[in-house]
Structures are given as structure tokens and as C-alpha cells.
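Take a look at the structure below.
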Amino acid sequence: MSPDFLSGLNERQLEAVTLPHQPALILAGAGSGKTRVLTTRVAWLIQTGQVSPHGLVAVTFTNKAAKEMLTRISAMLPINTRGMWVGTFHGLANRMLRAHFREANLPQLFQILDSQDQLSLVKRLLKNLNVDQDRFPPRQVQWFVTASKDEGLRASQVETHDEFTRRMKEIYFEYDAQCGREGVVDFAELLLRSYELLSAHDALRSHYRARFRHVLVDEFQDTNRLQYRWLKLLAGSDNAIFAVGDDDQSIYRFRGASAANMQDLQRDFAVERVIKLEQNYRSHGHILDAANALIGHNRRRLGKNLWTAEAKGEPLRVFEAATDLEEAGFIVEEARALRAEGVALAHIAVLYRSNAQSRVLEHALFTAGVPYRVYGGLRFFERQEVKHALAYLRLVAGSGDDGALARIINFPARGIGARSLEQLQEVAKARGGSLWQAAVLKAEDGRRKTEGQGGETDNSALSTQHSALGKGIPAFVALIEQMREATAGLSLPEVIEHVIGASGLKAHYQAEREGADRLENLAELINAAATFVAERDVQPAGEAAGMDEPDELTAFLAHAALEAGEHQADAGADALQLMTAHSAKGLEFHSVFVSGLEEGLFPHENSLTEADGIEEERRLMYVALTRARRRLYLSFAQSRMLHGQTRYGIASRFFREIPENLMRRINRGSVLEVHQTGSRQASRESGAPSLNVEDGMAELRARNLKSATPWRIGQSVVHPTFGAGVIVSAEGRGTDARVQVNFRKSGVKWLVLDYAKLIPA
DNA sequence: ACTACGAGACTTTTT
DNA sequence: GTCTCGTAGT
């Protein structure tokens, strides 16, 4: 008896879906039906009665993936998915900590800091500790804390070998102490805290282990060390861990992801057999062949070769532009042509290595009147007006969150300046409490004075300048307290509406010239709350009901922190999709442009000095290539405006890693075409319109360095201190002229020609 | 308390 | 080139 949702699975997929209760690693190539396998396995486990809906946990990396999973499960099974433990690592950790806040040593109303909040906490802390922010930049401190936590390390466990790290470690320690005082938790802390919770409380650990017979993980190659340990703790040795991932698509090493977790999983859980999903249902053959050839240049792989039953399709189209402007122009023209052929713009993506590259493209698209959508940038819950409203809500909820107070104590302006805030900070520091508590003290202080004496005296720093008649800190405290009273018993959307009005945010943005969008976003916040409440009510929490379910406001605040919301609202319109190669992971398009394929850009120059850096860049390129279903463009520009300067680049090495016969060089303007075809035919009589990279590079070299300098890209040189090397790129002119040299011994360096004593070799 | 100007950065990103 | 951040000036 096989449920009909199993039909249509290929042999490997079926094997993975119906695997018995045992640890498993599924190596799922791009477009091989990974999500389908994961969700179908969940459905199968439930349908066949092997597990109840709440007897398994499925972990994903993003909210989007979690939602997708729930949607698909609902489509296959007529069950209430609300009580199921399907979510992101952070979402599930949050759930666990809410349920056991006492054992986790957290206040019931603990707030979650997003990265912005975390950074501002770090800044406040450094100021308080009188730390030199030049020697210890807040960003670096934040990075240090997060990286340590991602490794599962508390401050006390961080190893130090130098003075700098010792100081960092101290700051980390103070940071955690501050979080404790405020009752706030950053993203990494959610995980670390729930890991420690499970680790320290045997009863809890046994409870969850007994409950979750199956632990399923998506995008396993993206897990960091802490997440892996968390999974191990949850799965124990008796439960079946089912990890799906693709080592070739591991592109987040820079934020702590460790593809080595895949090897460790096999060892730690004694995985007997790894199932490989290698049939690709997405792309035409040539595209896959190119991707396979490219990724074949990586040495450290688990090994996997994608194949497809589809036709070979057309070759990859390669375009060489003189400038980034020309490249953008080409992309615009091709996108229009594609649309004319009936391909929706929404099914076409332009990918690039770094966000800065979108500008030229946007300009060209805007001028041409082609609708487009850029991914990345501000998310809904990260907008300042939304953050302000949420800060009021946090205080109304009764949180000791200093960041929230600091953010809005004088917004809209109510005459509480830096001085007043400093004084509050001193009080808070002296008493070891939150800013809010300090504010309440000041307010009471002021109230007592005015009541007792009927007038004001000048000895209390705070109650003086702004008298008790509704000004200063007492007025602020009164405002928040009034909000609490006024909103008691209201529904969540009503609470938010009241707070937006009573706080003065609404009036402030109404008075502002450019405030219309912000007002709209505030209205949208009320909508978001209404939706949130409705979704909670439609599906009562099932077996989880009656447990320590957080109240609506607390739950909504956590939701706002954990799910930053969409990048942009107008997702429905037919628009060309612009995004980085990173954010394209998991998506697919009819046609894909991979742009800016130049040495130093893609692969990025910073990656060349990192161990394994080039392999990660190659995986990123692999991800980019495998997004395309039918048509794939690869383009690069000889010169590009970057950081306000024109840089000259050469074709990315990745061109050389894709077999020539899979690529076809195309050009736009006929003038250019004649010129280039002519020059190529002059040098060699190749009738086939295939791209010869060596040829292209020779051409580039010639054009790049038509100036009188003796330096050529590709030329071998010798430097008195760095030794022998090869020029890889050049930029600037005259006294500004610099060349980038890849030295055999000392790596890649930029040298100013006027100073560096370079000798041609 | 608000505006203006200058300095410095600037790969990739989710939670 | 363009954005953010911090300080100085009004």
C-alpha cells in the first residue's frame, strides 16, 4: 500500500523517502528534488503511522523554506500542521526557551535582538566600559561574539593567545552580562542557550529525545558547529537523523557554516549508506555539463555528478563588453528580446557577485523602462519607523530592553537629550538594572518632590529642567504606563494602533514631508499583526495548547525579530529579478545572466587569500549556473566603475574551467561584432563561433595595455622583496597607475608602479 | 536639538 | 560613486 504522493518519485528519491528508522545522509544535487524528498518523507512517516505529527522535528535554515515545507505537507496530508515542530533553528530554539524559560534562566518576556539591535547594544556597552572603539570596532566585537557562540563557546571557554583576543574575551563576557541584565537574547544566543538547556537538564533532554523519534534537517551543508551539536543532542543515538544537503552548494563558510559536518555526521552517527540524488529535473544538458565541469575543479568534494533526461539545449551564451555600462545595456536588450519571445520577466534573473554591481544594471533598466526587482537591502521589520513602533511595544510589554528605550525615549523629540540619557545610564549601571528601571526611579523621585513641596528645587538633576508638568523622563514613564493601561484587554492590532497614535509616531510622520511611506508601513504593521493573530487562531496550537504559550504581544515581537519580512512588497508584478549569486540559492529561472565574471570580482579578490577561498567561489559559481533551466548567459566587462574608480579586469578563470564547446560567444552591436570577428579571424581562421578564452584574453591584454607602459597583464615580473610573480590586473593612469601582481611566494598584491621597483622577467 | 559637512568604508547573509 | 557615521557648528 503506497500512498499516491509516492508516485512520480524516481528510484533514489523513493529509497530516501521510505528509508527505515536509521541515521541517513542524502546528498542532493541542485534541482534533484531535495525539498520534495524531505517533505514526502515527513508525509510518508505520518501516513504509515510510524510517527505522529508531533513526534518529529524538521529544521530548516530560512523561514521561507520552513513555510514551503509546511505548505507541501498540508497538501499531502489532511492534518493540522500548527503544533508540528517544523521551523528554523532559531524559531525552534525560541520555542523551546519560551516553554522552559525558568530552566533556561531567562525572564519570561525575554526579547530577541536582531543584528541591528545587537550592534547598538555593543556600541552602548563599549561606551560604558570606556573601550577605545578604534581598537575594538563595534562590528568586530559583534562578529567575535557571534562567531564564538556559533562555535558553541562561552566567553570563559574562548582560548586566548594574544592581548587583543584577551580583551575581546573580556568584552564578550561583559556583553553577555549586559544581555542578562536587560533580559535580551541575540540570535546565536537562542541556539547556544537552548543547547545548554538540553545539555544541562537530563529530564528535558530525555523528554525531547523520547518525543522526537525523527529529526530531519534541510540544507545540512549550511549548519555551523553549534547547530550540529544541537542536532546531535536532540537526536541522541536512538533517533533517526535525516540530513539532506549538497556539499557543492556550501557557500556560507564565511558565516560559520561547516560542510565538514557532513563527514562528521557519517562518522558520529555511523551512517551506513549515503543516498545520492543526481538526477536533475531543472536544466538542459549543456547547462549541467558546464556546471559539472566547473565544480570538477574542486578537490575536496564528496563526489556527485548531475545528469538529466532533458535535451542538451542550446550552448551557453558568452558576452564580452568593453565597459560595465555596455554589459548592462546588453542584458537589458536580451531581457527585452526574451520577453518578446514570451518569457516572463519574473522568470529571468540577473546574478552578480556583490550588491554594488546592481547600480549600473538598475540604471540601464530604469532608463529602458524595464520593470525590475532587486533583492537585498532593508526588510520590512528592519525599517526605522517599524523598529520605533516595535520599541514602544517592547516597553509596553514590560521588557528591560535598553536598546528599545534608548531608541524611542526621545523619538519623537520630547526634550530628553544625551545628558538625560547619560544620567539614566549611570543610575542603571550603579544599580545593575535596566534603563527603564532607572527611568521609573527618576520619575518617582520627581513625583515625590513635586507632591511633597509643591514646587521644584534644583538638587535633583532630572526633575528640575523639565518640571513635573508633563515633561522629561517622568512624562515619558507616564506615557508608557498610560499605554499599558489603555491597551489592557485590547486585541494585538488594536494595541499597536493605539501605541502608534499615543507615542506621537503617527503625528510625527504626518508632519514630515516624506512621511507618507512610513505611515503606510506603520499601517502595514497593524495588518501584519492582524494576520499574525488570525493565523494563530485558525489553527489552535493542538497538543501544545495549555503549555506556556506566550501572550500575543510577546509572540508577535519574537516573530518580528525572527522573521524580518519580505524585502519588497511588490512581489506580484512581472519584473526582472536582480540578486546576488548567494541569494539565488534555492531558486530557479528560465533564463539566467551571470554578470561581472572578471578576475577579482568573481572570483572575488578577497577570496584568493583565504584558505579554500577559491573553492568556495567556485561553488558559488556552480550555484549560479545551476539556477538556469533553459538559457544561460555569462558576461564580463573589460573595464568597470568600482568604488569610484575605473578598474580593468580580465576574464574570470571560470571561463577556462568550462569546456569551450559548451559556450558560444555572442556580441551585440554589429560594429563591435565586425571589429572583433575581424581581429579574431586575422589571428586564426576559426569558422566555429565558439569562444576561445585564450584568444579573448590575448585580445584583452592588447586592448588593456595599448598605453605605452611596458606592463602587460599576464606578464611575469620580479619584485626586490616579493620575488617572482605575474601581473593579473591593472588600474589607474599616470602616477596613479597600479598593477595587481600574483606573487609565487607572497600571494596577490597591489603595487603602485611609481614606487614599486618592478622588473620585467 | 537639529543640520551640515567630512571621513572612511566597501564581498557574500539568515536568523 | 554613494552611503553611513560622527562631530562641529548654529
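These figures come from a predicted structure and were not determined experimentally.
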A/Arg394 side chain to A/Leu405 backbone, donor-acceptor under 3.5 Å
no

- prompt: Would you call the rings of A/Phe220 and A/Tyr228 parallel, tilted or perpendicular, where under 30° means parallel and over 60° means perpendicular?
  reply: perpendicular

Note: for A/Arg353 and A/Ala561 on DNA chain B, the residue whose nearest nucleotide lies more 5' is A/Arg353

Whole-Å distance, A/Glu189 CD to B/dT14 P, equals 22 Å

Inset, instruction - May I ask you to say what A/Phe61 touches in the nucleic acid, namely base, sugar-phosphate or nothing, with a heavy-atom cut-off under 4.0 Å? - result: sugar-phosphate

Rounded to whole Å, the CD-P distance (A/Glu512 to B/dC2) equals 12 Å

- Task: Please determine if a side-chain N or O atom of A/Asn63 lies less than 4.0 Å away from the OP1 or OP2 oxygen of B/dT14.
- Result: no

Rounded to whole Å, CD of A/Glu382 lies from C1' of B/dT15 at a distance of 10 Å

Rounded to whole Å, the CD-P distance (A/Glu605 to B/dT12) equals 13 Å

Between CG of A/Leu601 and P of B/dC10 the distance, given in whole Å, is 16 Å

By nearest-nucleotide position on DNA chain B, the 5'-leaning member of A/Ile251 and A/Leu562 is A/Ile251

| said: Please tell me if A/Asn355 has a side-chain N or O lying less than 4.0 Å from either OP1 or OP2 of B/dC10. | reply: no

* Geometric cation-pi criterion, A/Arg98 with A/Phe110: 6.0 Å, 45° -> yes

Classify A/Asn410 by what it touches in the nucleic acid, base, sugar-phosphate, or nothing, heavy-atom distance under 4.0 Å.
sugar-phosphate

**Study point:** Aromatic contact, A/Tyr208 with A/His100 (centres under 6.0 Å)
**Key:** yes

With heavy atoms under 4.0 Å as the rule, sort A/Gln357 into base, sugar-phosphate or nothing. nothing

task: Check whether the aromatic ring of A/His90 stacks on the base of B/dT15, taking stacking as ring centres less than 5.5 Å apart and planes within 30° of each other.
output: no

Among the nucleotides B/dT13, C/dC3, B/dT14, whichever has the atom closest to the side chain of A/Arg359 is C/dC3

Does a donor on one side chain and an acceptor on the other come within less than 3.5 Å for A/Gln638 and A/Tyr648?
-> no

Do A/Ser115 side-chain and B/dT14 base share a donor-acceptor contact under 3.5 Å? no

Of the candidates B/dT15, B/dT13, B/dC2, the side chain of A/Ala413 sits closest to B/dC2

**Message:** Under 4.0 Å, counting only non-hydrogen atoms across every strand here, what does A/Glu610 touch: a base, just sugar-phosphate, or nothing?
**Reply:** base

Sugar-phosphate, base or nothing in reach of A/Asp186, heavy atoms under 4.0 Å: nothing

The nucleotide from C/dG6, B/dT11, B/dT12 with an atom nearest the side chain of A/Lys123 is C/dG6

message = Taking only side-chain N and O atoms of A/Arg419, does any of them lie within less than 4.0 angstrom of OP1 or OP2 on B/dA1?
response = no

